[in-house]
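Position 1 is the first residue of the sequence; numbering continues from there.
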Amino acid sequence: PVYYWGDMNMDGRVTAADARLALRISAKIDELTAYALLVGDINQDGKITALDARKVLRIAAKLE
């Protein structure tokens with residue numbers, strides 16, 4: 001399988017919904033799973049932060 005950085009909901013693409021989920025995880029509203037940490041921790045610091053969520057949104061918008 002192909003994994004994309006930021007594909008938080010495992011639908012095979014990176015969208016604004018993935019960025020929202022990353023932001024919800026960073027705010028501790030949603031649960032951090034091992035999969036989310038694998039694909040959402042863009043800067044690889046061991047946690048998902050608002051910075052990661054912004055990066056996921058930039059990927060979704062094809063700015064990166």
Side-chain angles (χ1 to χ4, degrees):
V2 177
Y3 292 99
Y4 297 100
W5 283 108
D7 183 12
M8 305 291 292
N9 60 9
M10 303 187 326
D11 66 356
R13 57 203 166 115
V14 179
T15 65
D18 295 302
R20 282 192 301 273
L21 181 54
L23 192 56
R24 288 177 62 85
I25 289 170
S26 74
K28 298 186 180 15
I29 295 169
D30 277 332
E31 178 184 353
L32 175 62
T33 65
Y35 176 80
L37 188 59
L38 176 67
V39 300
D41 182 16
I42 306 293
N43 61 8
Q44 298 182 339
D45 64 355
K47 56 189 177 244
I48 295 179
T49 64
L51 181 62
D52 295 307
R54 281 194 300 273
K55 185 84 163 181
V56 172
L57 187 57
R58 291 182 58 81
I59 292 168
K62 298 186 182 354
L63 297 173
E64 294 192 27

Only distances under 3.5 Å count here; give the side-chain donor-acceptor pairs of residues 54-62 to other protein atoms, sequence neighbours excluded, each with its distance to 0.1 Å.
from	atom 1	to	atom 2	distance (Å)
Lys55	NZ	Glu64	OE1	2.5
Arg58	NE	Glu64	OE2	2.5

Could you pull out all donor-acceptor pairs under 3.5 Å where a side-chain atom in residues 15-25 meets a protein atom, sequence neighbours excluded?
from	atom 1	to	atom 2	distance (Å)
Thr15	OG1	Ala17	N	3.3
Thr15	OG1	Asp18	OD2	3.3
Asp18	OD1	Met8	N	3.0
Asp18	OD1	Asn9	N	3.0
Asp18	OD2	Thr15	N	2.7
Arg24	NE	Asp30	OD2	2.9

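Screening residues 35-48 for salt bridge (charged side-chain N to carboxylate O under 4.0 Å, His left out), with sequence neighbours left out, gives no hits.
Applying the salt bridge (charged side-chain N to carboxylate O under 4.0 Å, His left out) criterion to Arg13, with sequence neighbours excluded, gives Asp11.
Transitive grouping of hydrophobic side chains (ILVMFWY, heavy atoms separated by less than 4.5 Å) brings Met10 and Val39 into a common cluster.
Closest heavy-atom contact between Asp7 and Tyr35: O-OH, 2.8 Å.
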